[in-house]
Student: 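Okay, handing you the structure first.
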2 protein chains.
Amino acid sequence: MTIRLTDKRKQILQVLKRQHGTMSVKDIHNKLPKIDQVTIYRSLDLFVKNKLIKEVHLGKEGMLYEYQTEPHHHAICDDCRKVRHFTAPDEKIKKLLGLEDFEVEEIEVIVKGVCKK
Amino acid sequence: MTIRLTDKRKQILQVLKRQHGTMSVKDIHNKLPKIDQVTIYRSLDLFVKNKLIKEVHLGKEGMLYEYQTEPHHHAICDDCRKVRHFTAPDEKIKKLLGLEDFEVEEIEVIVKGVCKK
DNA sequence: TAGTATATGCAAATCATTTGCAATTGCGAT
DNA sequence: ATCGCAATTGCAAATGATTTGCATATACTA
């Protein structure tokens, strides 16, 4: 099985790269109305499996996808629903967790609260 | 608006308390087949809003609910899908995050990887 | 105990995501 | 260049989780 970087896949990845943040399938479809939603779903799955992008659950609103230039975590405001990024040294988090008998592959921190502007 | 702790709600909460772990709506419904799923959905929403229980997303499989005697985080094995709990001092995590301008209400850490038994 | 607000069940709607299948396209071998 | 086949795409329909509308049942207050 080969993974072809077709034109549509390139477009989808491009949109995600430009966004600098999370997008839903709908968001992507709005930007690329000529590409079928199903194709977007399948492409995203493929990208996730190949670790080109990340998927995150930040609420009940369905899965979100994100191209990360550098790994980061998310804080979401309960009021305005805006998402903020923040970085934290994975190694230190790992140490805090102290998980024995577990081969850690990915750590995801989701912070909920209210942003005071 | 008053929150009535009706018999059905008590049963649902009871089931969650006994579980010591996450449950899906289906899981709960299996244990309490006489209570309609819709009632379970509505009760869980209510419990979450009143902070009696927590809801977590650990995968694509839909929302999970959990009664936590003490706050903890989750590690999920990509192979066996088993969920493990672990605690970590919130204060220290908060410090690592270094979120300015954000009123933190809840921190959720989700670890993905493989458990080596 | 009557009156009213809340809770419940059922059927149907909605929303995100997946699947089946037929048509199209990309790419390597000729 | 083009033939052939595997991978990709779109469309329609299926699935699965969750929500909504509404009529009935139940709990609490006066």
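Reminder, nothing fancy here: chain letters follow the sequence lines and each chain counts from 1.
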Student: Nearest to the side chain of A:V38, which nucleotide is it out of D:dT9, D:dC11, C:dT8?
Tutor: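 Among the listed nucleotides, the one closest to the side chain of A:V38 is D:dC11.
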Student: Check the distance between C:dT6's P and B:L46's CG and give it to me in whole angstrom.
Tutor: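 Between P of C:dT6 and CG of B:L46: 12 Å.
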Student: For the pair A:F86 and A:H73, name the ring-plane relationship: parallel under 30°, tilted 30 to 60°, perpendicular over 60°.
Tutor: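 Ring orientation of A:F86 relative to A:H73: tilted.
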Student: Does NZ belonging to B:K92 count more than 12 external heavy atoms closer than 6.0 Å?
Tutor: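 It does not: B:K92 NZ has 12 such atoms or fewer within range.
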Student: Which residue, B:S43 or A:Q37, contacts DNA chain C at a nucleotide closer to its 5' end, judged by nearest heavy atom?
Tutor: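 Result: B:S43.
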Student: Looking at A:R9, does any N or O in its side chain come under 4.0 Å of the phosphate oxygens OP1/OP2 on D:dA7?
Tutor: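 No, because none of the side-chain N or O atoms of A:R9 sits under 4.0 Å from OP1 or OP2 of D:dA7.
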Student: Would you indicate which nucleotide in C:dG9, D:dT9, C:dA7 comes nearest to any side-chain atom of B:K8?
Tutor: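 The nucleotide sitting nearest to the side chain is C:dG9.
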Student: Going by salt bridge (Lys or Arg N to Asp or Glu O under 4.0 Å), name the pairs with one or both residues in residues 32-54 of chain B, residues two or more places apart or in two chains.
Tutor: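 Every pair satisfying salt bridge (Lys or Arg N to Asp or Glu O under 4.0 Å) with a residue in residues 32-54 of chain B: A:K60-B:D45, B:K54-B:E106.
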Student: Considering only side-chain heavy atoms of A:R42, which listed nucleotide, C:dT8, C:dG20, C:dT17, is closest?
Tutor: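 So the nucleotide nearest the side chain must be C:dG20.
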Student: Rounded off to whole Å, could you give me the NE2-to-C1' distance for the A:H57 and D:dT18 pair?
Tutor: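 In whole Å, D:dT18 C1' lies 13 Å from A:H57 NE2.
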Student: One thing to verify: whether B:D79 and B:K82 come together as a salt bridge, which I'm taking to mean a side-chain N less than 4.0 angstrom from a carboxylate O.
Tutor: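 Judged by the 4.0 Å cut-off on N to carboxylate O distance, B:K82 and B:D79 do not form a salt bridge.
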Student: Which nucleotide in the list C:dT6, C:dG9, D:dT8 gets nearest to the side chain of B:D36?
Tutor: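 Of the candidates, C:dG9 comes closest.
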Student: Check every atom of D:dT20, D:dT9, C:dG26 against the side chain of A:R4 and return the nucleotide holding the closest atom.
Tutor: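 Looking only at heavy atoms from C-beta outward on A:R4, the closest nucleotide is C:dG26.
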